[in-house]
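Before any comments, here is the structure.
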Amino acid sequence: MLQLAVLRNNPTEVKERLAVKNFKEPELVDQIISLDDSRKKLTFQFDETKGKINAASKEIGGLMARGQKEEAEGKKKEVEALKTTLGPVQEELEATEKQLNELLVRLPNLPSVKVPKGKTPEDNEVVRTGGSKPELYAGAVPHWELAKKFDLIDFELGNKLTGSGFPVYKGKGAKLQRALIQYFLEYNTQAGYTEYLPPHMVNEATAYGTGQLPDKEGQMYHVTGDNLYLIPTAEVPVTNIYRDVILKEADLPVKMTAYTPCFRREAGSYGKDVRGLNRVHQFDKVEVVQLVHPEKSYDVLEEMVSHVEKLIQSLGLHYRILRLCGGDMSFTSALTYDFEVYSAAQDKWLEVSSVSNFEAFQTNRMKIRFKDGNGKTQLAHSLNGSSLALPRILASLLENNQDENGIRLPQVLQGYFGGEMI
RNA sequence: GGUGAGGUGGAUGAGUGGCUGAAAUCAACGGUUUGCUAAACCGUCGUAGGGCCUUAAAGCUCUACCGAGGGUUCGAAUCCCUCCCUCACCGCCA
């Protein structure tokens, strides 16, 4: 959530920035500021009255100790009167704070100045394209057919065991999955990220911390018996590791990576884009997360983009990097780069990574802070990205590298996979 | 699932109604000393929100917080209730 101070300092600029995200209720900004004014007034009243009560109570203690019962009784009457005025003030204060918070969490993060205007994915800006477009083998087929032909993935079996969108990987398919996870984690840890293996279910507080709750609960699987949520991404448990922590400046940057399965209900999506591995309810992903000094977060964002780009290059895939427009960005992000790889047999671009700077939007909610050189406590910035999401990488690898002899794996994977060809 | 114990500041841990926002020790930070390190000594050392003052910072002051929420009381870390969590033992089990 946004910091109140930011709204108070530049309400006009905030509204302009929100407009880039096509935010429809700019009047919330003024409402929030006016609620904050009330909050301050009420806080003052409450603190004054409570202060008097505390002082009187202390006096009563002294009077009682000296046996001055009458005076003590008088003071008690005084306190009683003060308390009757305190009650309503307290109620109003609590109501104001609650309302203030409710409005504040409805404001999305402010997009950075680099964010292009626009409403739909068509308005995203292609930053650059890399790798070379593969020459398609004459007998090429889409990955779901390759998966069947080489017995790598059994979608039907997934239906039987669970439901649609829960593929079963088998034989070399399963092994390739494992090889990719291993390679990605290795690549990330080499770059200084500390590896974690977090829980795959989280409680409410954690889901709230990264912004899945209260709004996006429809996107998560909810285990109602224990009130836990299956994670939609490793970002959720991993970023929350530092919830309510005050770091030392020297601890920054904190770099973390984790492999987890990801569970997404994808409620409401169906039809053309859901074939094969294009969109599934459970998939594997390796994530990178950083907590950094606010002054460095945009440099780190570029560094992370470059990190992911090199990984994709090492797999020999044709890719492009998009800078998301205001209308296509997530609620929490200030600047997002999406990576898409070209999947030749489908002739489609598939999103395989999303790298974002959240600035202080997540850390404000999670209270992830650090003490700076002057001993002042301030919010860190958080960033994360996929490095990488597996299914679409797999789709692209299978489709692009097929020929009459089978499917040739990129060299970087061969060691992990234990072979060159499928 | 059963029984028992417990949740206090970065850690250990004292505190059973007012003098406790919280002892003590350790860690951390700053300094003195030292050829360097260590040791010793001195000092600092929770978070958040108001008010005063200020360009600002600093400073002064008040309020809230001792797992969460509610209650009793003039007054609660301390008493009562509910919930959550942790630990130990037993049972079950990968």
Side-chain angles (χ1 to χ4, degrees), chain A residues 1-10 32-101 103-105 197 199-209 213-214 222-229 237 240-252 254 291 360 363-380:
Chain A
M1 91 188 121
L2 291 172
Q3 292 167 267
L4 257 175
V6 173
L7 303 200
R8 295 203 70 108
N9 292 340
N10 328 287
I32 287 166
I33 290 172
S34 124
L35 276 170
D36 191 42
D37 288 336
S38 312
R39 194 201 105 244
K40 283 189 186 177
K41 285 202 190 86
L42 290 163
T43 300
F44 180 71
Q45 281 179 47
F46 178 87
D47 287 355
E48 287 282 292
T49 312
K50 198 70 210 285
K52 284 179 193 162
I53 291 174
N54 289 348
S57 296
K58 219 167 224 181
E59 283 182 53
I60 291 169
L63 292 168
M64 300 279 272
R66 278 174 266 129
Q68 295 169 279
K69 287 229 169 79
E70 301 238 330
E71 288 85 341
E73 285 307 315
K75 279 280 167 199
K76 282 190 194 179
K77 287 249 158 57
E78 224 175 90
V79 171
E80 211 170 305
L82 285 167
K83 280 171 85 175
T84 59
T85 66
L86 187 69
V89 173
Q90 183 169 2
E91 276 172 36
E92 207 184 333
L93 179 60
E94 280 165 10
T96 305
E97 282 174 340
K98 184 161 172 263
Q99 206 192 342
L100 179 63
N101 193 53
L103 294 189
L104 203 53
V105 297
L197 206 165
H200 300 165
M201 288 196 271
V202 295
N203 58 28
E204 274 185 319
T206 300
Y208 179 83
L213 296 180
H222 187 192
V223 181
T224 52
D226 297 284
N227 198 25
L228 296 171
Y229 295 86
N240 271 279
I241 288 170
Y242 284 92
R243 169 155 51 93
D244 294 318
V245 169
I246 300 178
L247 291 150
K248 280 177 257 173
E249 192 165 10
D251 295 334
L252 302 176
V254 173
L291 304 172
T363 54
N364 189 30
R365 202 184 262 220
M366 279 185 275
K367 301 282 169 277
I368 299 179
R369 293 164 291 176
F370 71 97
K371 265 202 203 309
D372 66 21
N374 302 320
K376 270 194 79 175
T377 302
Q378 53 173 310
L379 294 169

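None of these values were measured; they are calculated from a predicted model. All heavy atoms count here, side chains included; hydrogens, waters and symmetry mates do not. Letters A, B, ... mirror the listed sequences (proteins, then strands); counts begin at 1.
- Side-chain proximity of A/R369 to B/rA64, B/rG50, B/rU47: nearest is B/rU47.
- Protein atom CD of A/Q45 is 15 Å distant from nucleotide atom C1' of B/rC62, rounded to whole Å.
- Looking only at distances, a side-chain donor or acceptor of A/N203 sits under 3.5 Å from a matching main-chain atom of A/T206.
- With distances taken from any side-chain atom of A/F44 to the nucleotides B/rC74, B/rG50, B/rU63, the minimum falls on B/rG50.
- Under the Watson-Crick or G-U wobble criterion, with both distances below 3.5 Å, B/rU37 has no partner in any strand shown.
- Put simply, the side chain of A/D244 never gets that close to the backbone of A/K367: no donor and acceptor are under 3.5 Å apart.
- Comparing B/rU63, B/rG51, B/rG18 by their nearest atom to the side chain of A/S57 picks out B/rG18.
- Nucleotide B/rG1 forms a pair with B/rC90, judged by Watson-Crick or G-U wobble geometry with both contacts under 3.5 Å.
- Contacts of A/K50 with the nucleic acid, taken as non-hydrogen atoms under 4.0 Å apart, involve only primed sugar atoms and P, OP1 or OP2.
- Under the 4.0 Å criterion applied to side-chain N and carboxylate O atoms, A/E80 and A/K83 are not assigned as salt-bridge partners.
- Inspection of the A/D372 and A/Q378 side chains reveals an N or O donor paired with an N or O acceptor under 3.5 Å.
- With a 3.5 Å ceiling on both atom-pair distances, B/rG75 lacks any Watson-Crick or G-U wobble partner.
- A/D37 and A/R8 are joined by a salt bridge, as a carboxylate oxygen and a charged side-chain nitrogen come within less than 4.0 angstrom of each other.
- A straight line from CD of A/E71 to C1' of B/rC74 spans 15 Å, rounded to a whole angstrom.
- Looking at A/Q90 and A/E94, their side chains come closer than 4.5 Å, going by heavy atoms from C-beta outward.
- Here, B/rC19 and B/rA27 have their C1' atoms 30 Å apart, quoted to the whole Å.
- Within 4.0 Å (heavy atoms only), A/K248 reaches no atom of the nucleic acid at all.
- The side chain of A/T43 lies closest to B/rG49 when the candidates are B/rG49, B/rU63, B/rC74.
- With a cut-off of 3.5 Å on both Watson-Crick or G-U wobble distances, the partner of B/rC45 is given as none.
- If you check distances only, the side chain of A/D47 does reach the base of B/rG49 with a donor-acceptor pair under 3.5 Å.
- The side chain of A/R39 sits closest to B/rG50 out of B/rG18, B/rA64, B/rG50.
- As rounded to the nearest Å, B/rG15 and B/rU78 have C1' atoms that lie 8 Å from one another.
- Put simply, A/K371 has a side-chain N or O that comes within less than 4.0 Å of OP1 or OP2 on B/rU47.
- In this structure, B/rU82 and B/rA68 make a Watson-Crick or G-U wobble pair, each of the two defining distances being under 3.5 angstrom.
- At the heavy-atom level, A/K41 lies nowhere under 4.0 Å from the strands shown.
- Note on A/N54: a side-chain N or O is less than 4.0 Å away from OP1 or OP2 of B/rU63.
- Look at CD on A/E80: it is 13 Å from P on B/rU72, rounded to the nearest Å.
- The separation between A/E70 atom CD and B/rC74 atom C1' is 16 Å, rounded to whole Å.
- With B/rG51, B/rU47, B/rC74 as the choices, the nucleotide that has an atom nearest any side-chain atom of A/I246 turns out to be B/rU47.
- Of the nucleotides present, none pairs with B/rU55 by Watson-Crick or G-U wobble criteria with both distances under 3.5 Å.
- Across the protein-nucleic acid pair, A/I53 atom CD1 and B/rU63 atom P stand 11 Å apart, rounded to whole Å.
- Per the geometry, CG belonging to A/D244 stands 11 Å off P belonging to B/rA48, to the nearest Å.
- Put simply, CG on A/L82 is 15 Å from C1' on B/rU63, counting in whole angstrom units.
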